Amino acid sequence: MMSKADKVFSLARRRGFFWPAYEIYGGVSGFYVWGPYGVLLKRKIRDLWRELFVYNLGFFEIDSPTISPYIVFEASGHVEGFKDVMVTCKSCGKKFRADTLLKEKGVEVEEGLKPEEYLDLINREGIKCPSCGGSLGDPDYFMTMFKTTIGPYSDAIGFLRPETAQGMFVEFKRIYEVFRKRFPIGIAQIGRGFRNEISPRQGVIRLREFDMMEVEYFFDPENDDQFDLDEYMDETLNILHEKLIREGGGEYETLTVKEILERGIVEHKSMLYFMVLAQRFLEILGIPKSRQRFREKLEGERAHYARKVFDQEVLLDKWGWVEVSGHADRTNYDLSRHAKYSGEEIAVERLLPEPKTVYIREAYPEPKKIKEQYPDKIGLVMKELSRYSPSELYKILDENGSIEVDDVKLDKSFFRIVEEEKRVTVEKFIPHVVEPSFGLDRITYAVLEYSYTERGDRVVLSLPAYIAPIEAAVYPLLDRDDLKGVAASIVRDLEMAGFRVFYDYGDSIGRLYARGDEIGIPVAFTVDLRSLNDDTVTVRDRDSWRQYRIEINRVVEFVERLVEGESFESIASSMGLESVD
RNA sequence: GCGGCCGUAGUCUAGUCUGGUAGGACGCCGGCCUGCCACGCCGGAGGACCCGGGUUCAAAUCCCGGCGGCCGCACCA
């Protein structure tokens, strides 16, 4: 018995939704091609996501490079966090992380040891394979980011981004300026990410190169109420939170938004808002709420940058619960790290509830005076002094009476001293970030799996009409020039209205319908001999196979209403169409 | 990366154990049938049997290596 996944993969390959890449060279796992219909389907899903998560929320999108210099992912913590030293057992072949292996044996391990150092430790402690007792091979790095070189100099190492998020963090300062310091800010990015997975084997579910749709919502954690959850208070979510998992349950509980807030399961309102939206997004795509859940990630499962994470999961036939989006509280980790590594101040201002008085005590060097006294040293002295902030300089001068740089002793007279009281009404802080992050390829696959139905021995892809890659089909009942002429003019009408139309002929009508059903075309118009006399055609529903007679000049309206979400039967009855038996 | 199973026209597959240079179905092309749910009939094209090496007079078939797939282990930050 074929699993549903196997059937979907077979259909996808046969009809051109997706297939393994580089097939003529034997294929490379982790890389897939999205074919003609797959691209159209993905685009519709992406556009719907844009409506929900970008435009409707007043957010904007950016498009940053996929390749970054080394320092970006050093700052983000990925270089450290993505690189583990692994050892492989020589006899049973199992792989272990060197650090956890040693820690389990009670050996103290420092952070960031090199493979050779691990080798010494393993030999000294006589560590054997915990699984079979065999001897262990040489430890080696395993890094899941793709590395490349930038320009012709091999020492300029670059990385292919493992997430689009860093682009939004790195560019935050400019974005903040562009929006003239409006705050909070939501930024989205849709694009490719790259992860050099060890052994991806679930087709389009685990790719080495994949499309991500991410929002970084920058906000003030002390004032997180941009989103109004009131209208969603009674909406329910299936949630498998930490407490349930710890109590040993694999079963989620269904809670209302109100309960989730009251029990503090999700702290940030914005995060919960995105989760509710994510659930609706998938429902609109045809994946019922009952097949979705949010699973909290436990301590060890979370990425290094996240304080709290809920994965939105969808129940798939073959693989069980599979993550399709992640909702992470990234705190101010990323921005503060980039601030530190770049030396730039990355902060926004917050209005204080009460103005407060601060005492400013600063010392600014006076280059002219220093130059008069030490004309030869001025350059060096100024350079050294610039290492200190004005307030640090004040402090040193205040405590020591002078400051010594490079054999030059400068007392207060070489500085302009500022001592004043100031009323401040704002304070600076580094924004916190809540991130909903979606895997477009997985979502597209899930949509295909949930749309896949069989009718007898035929396959029908019951995609919602508003995401169907092809909106309508037009067929002549018979392979005759007069009928084909009428069909061609209906095709033109629909194309002029902006629809993609599938036109086919020459085979039996059943065969034509069957092909259209497999690529999910929601509606078909068939030109027959009667059409030549009364300018009507039959309109056929993909899912029920019901047919009505419709005037040719109303065909475009019918399709328009269908892709706006109205049901086939509702349109037929409100148009007063004659049923065909 | 380890273990098990697998790789034959576009697709699914028979043949592999017991070596003798490939057969079917669907699809595709042409013709008839003018038929509203993969209609029926006739004809046709399409295959160095995943790649490389070995054994043999002879390899899709046996042996070794590689690549790829599925399942399990590990991994999935």
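Note that the structure is predicted; figures quoted are calculated from it, not measured. Within every chain, numbering begins at 1; the chains are lettered A, B, ... in the order of the sequence lines, protein sequences first and strands thereafter.
- The distance between atom CG of A:Asn196 and atom C1' of B:G1, rounded to the nearest whole Å, is 14 Å.
- B:U55 is unpaired under the Watson-Crick or G-U wobble criterion, no partner having all donor-acceptor distances under 3.5 Å.
- With a cut-off of 3.5 Å on both Watson-Crick or G-U wobble distances, the partner of B:A25 is given as B:U11.
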Could you write nucleotides 38-47 of chain B as a row of B, S and -, 5' to 3', where a protein heavy atom under 4.0 Å of any base atom gives B, of only sugar-phosphate atoms gives S, and otherwise -?
BB--------
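- Nucleotide B:A48 is shown with a syn base, its glycosidic torsion being within 90° of 0.
- Contacts of A:Arg195 with the nucleic acid, taken as non-hydrogen atoms under 4.0 Å apart, include base atoms.
- Pairing of B:G35, defined by two Watson-Crick or G-U wobble distances under 3.5 Å, is not identified with any nucleotide.
- A:Pro162 comes within contact range of at least one nucleobase, with a heavy-atom separation under 4.0 Å.
- Across B:G24 and B:C33, the matching C1' atoms stand 26 Å from one another, rounded to whole Å.
- The separation of B:C17 from B:C50, taken at their P atoms, amounts to 15 Å, rounded to a whole angstrom.
- Separation of the C1' atoms belonging to B:G46 and B:G1 is 40 Å when rounded to the nearest angstrom.
- Spacing between atom CZ of A:Arg480 and atom P of B:C36 amounts to 13 Å, rounded to whole angstrom units.
- Comparing A:Arg540 and A:Gly506 by the nucleotide of RNA chain B whose heavy atom lies nearest to each, the residue mapping closer to the 5' end is A:Gly506.
- Checking B:G35, B:G68, B:C37 against every side-chain atom of A:Ser29, the shortest atom distance belongs to B:G68.
- No cation-pi contact links A:Arg206 to A:Trp319, judged by a cut-off of 6.0 Å to the six-membered ring centre and 45° from its axis.
- Cation-pi geometry between A:Arg540 and A:Tyr513 is met: under 6.0 angstrom from the ring centre, within 45 degrees of the axis.
- Going from atom CZ of A:Arg549 over to atom P of B:C36 covers 12 Å, rounded to whole Å.
- Comparing B:G27 with B:U21, their P atoms sit 31 Å apart, to the nearest whole Å.
- Using C1' as the reference atom, B:G54 and B:C70 are 29 Å apart when rounded to the nearest Å.
- Across all strands shown, B:G68 forms a Watson-Crick or G-U wobble pair with B:C6, both key distances being under 3.5 Å.
- Ion pairing of A:Glu209 with A:Arg195 is absent here, as no side-chain N (NZ or NE/NH1/NH2) approaches a carboxylate O to less than 4.0 Å.
- Atoms CG (A:Leu477) and C1' (B:C33) sit 14 Å apart, rounded to a whole Å.
- To the nearest whole angstrom, the two C1' atoms, one in B:A60 and one in B:A22, are 8 Å apart.
- For A:Lys318, counting side-chain heavy atoms from C-beta on, the closest listed nucleotide (B:C70, B:U34, B:C36) is B:C70.
- When both pairing distances are held under 3.5 Å, B:C73 makes a Watson-Crick or G-U pair with B:G1.
- Protein atom CG of A:Asp528 is 11 Å distant from nucleotide atom P of B:G35, rounded to whole Å.
- As a whole-Å value, the separation of A:Trp319 CH2 from B:C76 P is 19 Å.
- Applying the 3.5 Å distance criterion, the base of B:C36 shares no donor-acceptor pair with the side chain of A:Arg530.
- Here the C1' atom of nucleotide B:U11 and the CZ atom of A:Phe9 are 17 Å apart, to the nearest Å.
- Toward the 5′ end of RNA chain B lies the nearest nucleotide of A:Val527, the other residue of the pair A:Lys297 and A:Val527 mapping further downstream.
- Looking at heavy atoms from C-beta onward, A:Phe310 lies out of side-chain contact with A:Arg295 at the 4.5 angstrom threshold.
- B:G52 sits 16 Å from B:U8 when the P atoms are compared, rounded to a whole Å.
- For A:Tyr513 against B:C36, a side-chain-to-base donor-acceptor contact under 3.5 Å is present.
- A distance below 6.0 Å separates the ring centres of A:Tyr505 and A:Tyr503.
- Evaluation of the ring pair (Phe, Tyr, Trp, His ring centres under 6.0 Å) rule for A:Tyr252 yields no partner, not counting sequence neighbours.
- The side chain to side chain contact (heavy atoms under 4.5 Å, CB included) test with A:Ile45 singles out one residue from A:Leu40, A:Asp211, A:Leu440, and that residue is A:Leu440.
- For an aromatic pair to be called close, the ring centres must be under 6.0 Å apart, and A:Phe558 with A:Phe568 satisfies this.
- Nucleic acid contact class of A:Asp479 (heavy atoms, under 4.0 Å, all strands): base.
- Applying the salt bridge (Lys or Arg N to Asp or Glu O under 4.0 Å) criterion to A:Arg492, with sequence neighbours excluded, gives no partner residue.
- Separating the C1' atom of B:C41 from that of B:G23 is a span of 23 Å, rounded to the nearest Å.
- Protein atom CG of A:Leu11 is 15 Å distant from nucleotide atom C1' of B:G27, rounded to whole Å.
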